[in-house]
Protein chains: 2
Amino acid sequence: MTDTEPRRRARPRGKRPPTILDVAAHAGVSRGTVSRVLQGGHNVSSASQEAVHAAIRKLGYVVNRAARSLVTQRAGSVAFLLSEPQERFFEDPNFTTLLRGCTTALAEHDLPLILITAGTEAERRRIAPFLSAHHVDGVLLVSSHRGNPMVDHLRRTGLPFVCCGKPLGERDAVSYVAANDREGARAMVRYLLESGRNRVATITGPQDTPGGLERLDGYRGMLTERGIVYDTRLVAVGDYSRASGEACMQQLLTSAPDIDAVFVASDLMADGALTAIERAGLRVPDDIAVGGFDDSPVASATHPPLTTIRQPWARISEMMVRQLLAQIDGEGPATVILPTELVVRESA
Amino acid sequence: MTDTEPRRRARPRGKRPPTILDVAAHAGVSRGTVSRVLQGGHNVSSASQEAVHAAIRKLGYVVNRAARSLVTQRAGSVAFLLSEPQERFFEDPNFTTLLRGCTTALAEHDLPLILITAGTEAERRRIAPFLSAHHVDGVLLVSSHRGNPMVDHLRRTGLPFVCCGKPLGERDAVSYVAANDREGARAMVRYLLESGRNRVATITGPQDTPGGLERLDGYRGMLTERGIVYDTRLVAVGDYSRASGEACMQQLLTSAPDIDAVFVASDLMADGALTAIERAGLRVPDDIAVGGFDDSPVASATHPPLTTIRQPWARISEMMVRQLLAQIDGEGPATVILPTELVVRESA
DNA sequence: CTGAAAGCGCTTACAG
DNA sequence: CTGAAAGCGCTTACAG
C-alpha cells in the first residue's frame, strides 16, 4: 500500500501511550510514588493512592512490561514447553486440556504463557539460548519419556521448572505434579472385579512413561491383593494411540479369548479397543467390560461411552502453576500427587 | 527450603549474564558497534564483525529482550488469540494443527508465541489492556463466528492482526488467510457424483461461520452445475461436533432414506455420521458414501477411513505469520486463499 | 566505519 | 510517607 512509509517502526505516528510520568503529573505526585502504588501501595498515603488510581483510570495507563522487566530482571512470562514429538501431544486430548488449564491459571496471575515446542533435537538446540538467557521466569515442562534431555538442560540454566508427571530416571529432586496413576488403576481394576469380572486383562501405556508403568503396577497390585495370579498373557503394551489400542485388543482376544474385562491405560486406546471388540463380534460390556483412563473428551463420545478414571486436569494445571510461582519466589522443589476419580458410564 | 533467602529476586546470587558491554570489551570495540553487528552488521568492517562474533560465542552472549524492546518500542512477540468458547477449539483437531503450525512458523523468525484465550466476555475484558498496551506486536486471530467483538477491538488498538478464515460481517478490509472452502466442497461433491452417486446429501457447519456457509455453497453450486435440483431435505445443519454429525445423519436417514452419499463439512462430524449409518445397519461406502472435510487426524482413524478434503494447515500457518510480519513492517491488509486437495480413502 | 551519548520507562534503595 | 536519582541493557541518530 503506502510504499513510501518507513519500515520497521512500531507505531510510526501514533502518539505514545501514557507513561508513569504522565500518571505522576496528573496525580500530582512523583513517579516513585506511582510505582509504589503499582507495586501494591505499601507505604503510600491513601490520598496519594486514590489520586494515582484516578489518574491511571483517566489516562488508561498500562505498565510497560519491557521497562519493568529491565529493572526487575524478570521476564514476566512463563513458558509451556512441550518436549515430545509434536504429533503425539498435539493429537492427545490430554495435552490440550492441560494447555488450556495452564493458560487459565497463569492468566489469573497476569502471566502470559509462551508456547514452545521442542520435540526434536534441532528445536531443543534452538530454544536453549532463549531459556539460558532467562527470557522466561520459569517453565512448565511436558515431557513424559524417560531421560528427556530437557530436564538436564533446564537444571543447568537454573530456571525454575515444574514437570507434568513424574520425570523418569532423575536422581535429584525435581518438581512435578501428577495424578495418582497407581491408585487410579487400582480403583478401576477393583471396580471391574467387584462387578463380577474374573479375567481382567490390561492394555498399558508405553513402558518408558510414568503413566505406562504405574497404571500397570496398580493393575498388578490390585489383582495380587485379591489373590489373583498376574498373567502376562493378559497384558499388552500400547503406546497411548488409538491404533495401538486396537492392535493390542486384537492380540488379547487371540491370546486370551476367555477374558471378560480389560483395563485400558488411556481413553484413546480404549476407543481403539472398542473397535477391535466390536469387529470380533463381541458386545461391550456384556461380553467384555472396558475401563479407560483419563476421562478425556473422547470418553463420552465412544460407543458405548467409557467408564474411566478422571484425571484432575484443572487441579494439575493449577498446582503446576502454583508450584512454579513458588519456585520463582525462591522455594525449593516439591512433588504434588492428586487423586483421581472413577467415572462410571456404560462400557463397564 | 532456604527460609532466610530474600524473595522476589530473580537470580539472587547468580552472576549476571554478559551484556553488550562485556562483548564490546572482549571484542575491543564500542557497544554501538556490537549493536550494529547484532542488527545485521551493516556499516561494520569485517574485522570488527568477526571480533564481535567471536566475543559473542566466547561469552555465550544473548541479547536482553526487555532492553531491546524498551528502546525499539516493539514487544518482540506475537499473540495467538483464541476468541472462541474454549471447549470447541481445544477439542477440534484443526485448532491444534493450526497452533502447531504457527508456533513453528514463528520460531523461524525468533518470535515467541503467546497463547491467549478469550472465549468469554470476562476474558476479553481482561486481555484488552494487554493488547492496547502493545505487549505483543501483532495477533494471529482465531475466531470463526460472525461479528466477533475481538475484530473491532483489535482494530481500535491499531495492532496488526491476521485472521484464520474469513471474518464474517466485516465491512472494512481485514487480513485473513483461508482455505478455498467453496472449491473444496465442489471437489468433493464432484467426486461423489462422478463415482456414480445420485442422491447426495450434506451435513453443514454452523451457518454463522465461513466454513459452514461456503462449503454448503460449494455443495449447492456443484449440484446446480450438474443440473440437479437443490433439495433442502438433503441438508442438515451441524455445529462441527461429532455429536451433531451423528444427530444430523440420523435425521437425514429418516427424512431422505434414499440418499446414497453425504458430504459432511468436517471430519469430526463425518465420524459421527459414520456411527449413525452403522447403527442404521447400512454400510459405508456400499450403501452410503461419506465424504469429510479437513483431513484432520481423525480422518484416518475412522472406520472406514475417510475420503476427505485436505486443508493446507501448514501453508495457512505460514501465510498467516508472513502476512502478520508484513503488516508489522507497515504493509496493508491482504487476503490469501489457499487451494485444498481431495484425499481418497475408503469411505467414498 | 566508529564512538560517545541520549534515551526508552520503569523500580528501588537512599535520604529526608 | 515521599521525592530525587541511579541504573537496568539496549538502539540509534549524531558527529567525526
Side-chain angles (χ1 to χ4, degrees), chain A residues 6-12 14-52 55-56 59-76 133-135 137, chain B residues 6-12 14-52 55-56 59-76 133-135 137:
Chain A
R7 296 198 157 209
R8 317 222 53 186
R9 302 239 24 239
R11 282 165 264 172
K15 11 181 179 16
R16 284 282 176 70
T19 74
I20 206 174
L21 225 43
D22 300 313
V23 175
H26 262 74
V29 298
S30 73
R31 70 188 197 277
T33 297
V34 175
S35 183
R36 277 176 216 113
V37 172
L38 257 27
Q39 306 307 312
H42 306 299
N43 294 352
V44 181
S45 70
S46 54
S48 294
Q49 288 204 40
E50 278 166 35
V52 169
I56 287 176
L59 299 174
Y61 170 79
V62 182
V63 71
N64 179 320
R65 300 186 141 230
R68 173 180 284 175
S69 283
L70 185 55
V71 39
T72 60
Q73 302 278 31
R74 289 215 185 186
H134 288 228
H135 286 329
D137 294 323
Chain B
R7 298 200 154 208
R8 316 222 54 184
R9 303 236 21 239
R11 283 167 262 174
K15 7 176 182 21
R16 283 284 175 69
T19 73
I20 207 173
L21 225 43
D22 301 312
V23 175
H26 262 76
V29 298
S30 72
R31 71 187 197 279
T33 297
V34 175
S35 183
R36 277 176 215 113
V37 173
L38 257 27
Q39 307 306 314
H42 305 299
N43 294 354
V44 180
S45 70
S46 52
S48 295
Q49 289 205 41
E50 278 166 36
V52 168
I56 287 176
L59 299 174
Y61 170 79
V62 182
V63 71
N64 180 319
R65 297 184 144 232
R68 173 180 283 174
S69 283
L70 183 55
V71 38
T72 59
Q73 303 278 26
R74 290 215 185 187
H134 287 231
H135 287 327
D137 294 324

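We name chains A, B, ... by the order of the sequence lines, and we start the count at 1 in each one.
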Exercise for review: Sugar-phosphate atoms are those with a prime plus P, OP1 and OP2; base atoms are the rest. Using that split, label each nucleotide of nucleotides 3-10 of chain C B, S or - for protein heavy atoms under 4.0 Å, 5' to 3'.
Suggested key: BB-BBBBB
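When the C1' atom of C:dT12 is taken as reference, atom NE2 of A:H42 falls 14 Å away, rounded to whole Å.
Between A:Q73 and A:H134 the shortest side-chain heavy-atom distance does not fall below 4.5 Å. Taking the side chain as every heavy atom from C-beta outward, A:S35 and A:I20 approach each other to under 4.5 Å.
The two residues B:D137 and B:A75 make their nearest non-hydrogen contact at OD1-N, 2.7 Å. Between A:V63 and A:R68, the shortest heavy-atom contact is CG2-NH2, 3.6 Å. The two atoms that bring B:I56 and B:L38 nearest to each other are CD1-CD1, 3.7 Å, heavy atoms only. What you find for A:T19 and A:Y61 is that their closest heavy atoms are C-CE1, 3.6 Å.
Comparing the C1' positions of C:dT12 and C:dG16 gives an interatomic distance of 16 Å, to the nearest angstrom.
A 3.5 Å limit on both hydrogen-bonding distances identifies no Watson-Crick or G-U partner for C:dA4. Of the nucleotides present, none pairs with C:dA13 by Watson-Crick or G-U wobble criteria with both distances under 3.5 Å.
When heavy atoms are screened at a 4.0 angstrom cut-off, A:S48 is found touching the sugar-phosphate backbone but no base atom.
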